[in-house]
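To start, the structure under review is shown below, and the notes come after it.
Within every chain, numbering begins at 1; the chains are lettered A, B, ... in the order of the sequence lines, protein sequences first and strands thereafter.
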Amino acid sequence: MRVALDVPLPGLFDYRCEHSVAVGTRVIVPFGRRHMIGVVVETPAEPALDQASIKAVEQVLDDLPPLPADWLALAGFAAQYYQRPLGEVMLPALPASLRKVSAYQGPRSAGGPVRRSDKRRAAAPATVASEPAPNLNPQQAEAVRAIAAIQGHRTVLLHGVTGSGKTEVYLHAAQSVLERGGQVLFLVPEINLTPQLEQSLRSRLGGPEGPAALAVLHSGLAEGERLRAWLHAQRGQAQVLLGTRLSIFTPLPRLGLIIVDEEHDASYKQQDGLRYSARDLAVWLGRDRGIPVVLGSATPSLESWYHAERGHYLKLSLAQRAREVELPKIRLVDTRRLALQQGFSPQLLDALGARLEHGEQSLIFINRRGYAPVLSCSSCGWISQCPRCSAYTVLHRASGRMAGHRQRLHCHHCGYQAPPPAACPDCGDQDLRPMGRGTQRVEEHLAEFFPQARIARIDADSTRRKGSAAELFAQVHAGQIDILVGTQMVAKGHDFTNLGLVGVLNADAMLFAHDFRAPERLFAQLMQVAGRAGRHVRGGEVIVQTDYPEQPVYQALLRHNYAGFAQYSLAERESIGLPPYAYQALLTAEARELAVALEFLGRARKVLQDLAADCGASLALYDPIPLRVVRVANIERAQLLVESRHRPSLQACLALWMPRLPEAAEGMRVRYQLEVDPLEI
DNA sequence: AGCACGCCGACT
DNA sequence: GTCGGCGTGCTC
């Protein structure tokens, strides 16, 4: 039999076994000096290897029924598409206790916890108050009808502005699948940000026999909880599986609908190991299972918008806000000729003052944590730098009650920390100054401008302690905070009922990121953060400070015009041949010295060039280039971008290329990884 | 990736 | 004398 194992080696491994074993069965096999759990994926009559080097299976695991064929097909597709060994897809997709020999405790272990949890779960629904379903507006009703009318597979792009009631459409679509006995897979970017959604699913879905059984799956769960949810779903007991990207790999025997909320969100892309996009796999899975897939967003990815415009996806729009509150008014403040006070325009300060007077809350959004992005010498221009990375260190004010105003330099790339020097290491001058502003410094300035205001800061630093994010958000919701300062953490999900004003500082920094998706991400992020304003308060307002108000992204934002922005951006992408008009793959190399990484990529490029010529595929191969932050923790990195207008050609070439990379790395101390459909280049 | 083997420096 | 540094080689 041929077994998939979680090792970074291409291909499968042959083993002997006395009795016949079904494909999809887990087995314990000897591998080198180790014992590993693998998945049987083929049972060919003849092994591909000579008999002598084949070992026997040690144990056939029968604690679970074999993994189903459709699950194996999804894993197989992902392995092929993302160019990784099958075992590296299949095994990490299973809960640890199902893939680790050390955790395996015999056939009863997997059965026990679920029965216990069923008892607990059976009692839970009584405590959940049933919410009445609000009436659908005509657009919502039309969307629900259109989704219900789908026979077999169709991907739907549900484009709905913030507050237009996409969730209501999801709930109706899910309910009708549940009534036919199907299961629903509901993907969200981050589970912690959607307690309200979980609450709605629990209280609203179900029938006369009671609420629908809901399983929740995300990486923050303890192993036992994760196993329980996975088994619940795999046995068909859970009717709804709500989870983050990893949930896409859960077997769901009666899957009838997949919903991907906030489909544009980068969290759907795994950034290490198997670099899959759960959204893209959801579309593939929907097609494979012959069921509808609903992608929802206020700011769809340009890829999804493109497919919808071309008619590949069914486009459904929710243009009006469900509740009778108008969209927030967006103002661009041109900061080029303004005298700013500590980075604040007079317009923003006035607006903050006015909201304070009215007892309304405000949010200052700045996507930069810490006190100041750099510490600099005022006489010679020295700038604080990480000794291990090609990056500046960020000045932080130490946290904790006893820390006072002590400051430290932090590297955001490698975690290096050091106290700031007393004098400039280059010229000895003692006048070292923080340059620029991060959330901590903004918080400090706001306290000076508005001494009477209650100010809170929410960023990765202030929420490091487990549960502190929830605490801070609870204070905001309880009205104990007047001004909230935060990074993108505050942009997602939260429905602030008394928030009237959003101020955006330093938005331009996101435009300068020289990634071609920067404007798209900026637009999505600003729309999202703008959506926090005036959800319940009348006269909601957003003030964006910028040096480039004429930029198309800001002009589109001003008019809440996603469609216009998408049309403009797609035309631009088409004219220069970027995704979605081209398909990309990125080979990244790491070595002690940049020259080694570049040399490897140069050789790899040559190999690919020859391969493409041989099979007549037209690929665009760029020159290997150092990453923008070339050195991180003393490792230097470079990348090679490969592009094609024709996805199958790219796929075919990558499959031929991968096995030839070891020869390109011959004699070099270099590590490399390939990313298909990279989000950042 | 693990986990071996293997061949050179500083310790009881 | 050996404890241990990490180079390199293999795993059905």
What pairs of residues pass the salt bridge (charged side-chain N to carboxylate O under 4.0 Å, His left out) test when at least one of them lies in residues 19-46 of chain A, not counting sequence neighbours?
A/Arg26-A/Asp63
Report the distance from atom [atom1] of [X] to atom [atom2] of [N], rounded to the nearest whole Å.
X        : N     : atom1 : atom2 : result
A/His35  : B/dA1 : NE2   : C1'   : 17 Å
A/Gln673 : B/dA1 : CD    : P     : 10 Å
A/Arg99  : B/dG2 : CZ    : C1'   : 15 Å

For [X], give me all partners under side-chain hydrogen bond (donor to acceptor under 3.5 Å, both in side chains), at least two apart in sequence or on another chain.
X        : result
A/Tyr81  : A/Arg647, A/Asp677
A/Gln234 : none
A/Gln639 : none

Going through the checks in order, is the salt bridge (charged side-chain N to carboxylate O under 4.0 Å, His left out) test met by A/Glu636 and A/Arg592?
CA-CA 6 Å; A/Glu636 306 203 301; A/Arg592 282 327 263 267; over 6 Å; no
Is there any protein nitrogen or oxygen under 3.5 Å from a nitrogen or oxygen in nucleotides 6-12 of chain C, and what are the pairs?
| from | atom 1 | to | atom 2 | distance (Å) |
| --- | --- | --- | --- | --- |
| C/dT11 | O3' | A/Gly32 | N | 2.9 |
| C/dC12 | OP1 | A/Pro30 | O | 3.1 |
| C/dC12 | OP1 | A/Gly32 | N | 3.4 |
| C/dC12 | OP2 | A/Lys55 | NZ | 2.7 |
| C/dC12 | O3' | A/Asp14 | O | 2.4 |
| C/dC12 | O3' | A/Lys55 | N | 3.1 |
| C/dC12 | O2 | A/Asp14 | N | 2.7 |

Any side-chain donor-acceptor pair under 3.5 Å between A/Ser247 and A/Thr250?
no
Consider only side-chain N and O atoms of A/Glu263 and A/Ser297, and report whether a donor and an acceptor are under 3.5 Å apart.
no
Tell me the stems DNA chain C sits in, counting at least three consecutive Watson-Crick or G-U wobble pairs, each under 3.5 Å on both distances.
B:1-11 with C:1-11
Considering only heavy atoms from C-beta outward, does the side chain of A/Met668 approach that of A/Arg603 to under 4.5 Å?
yes
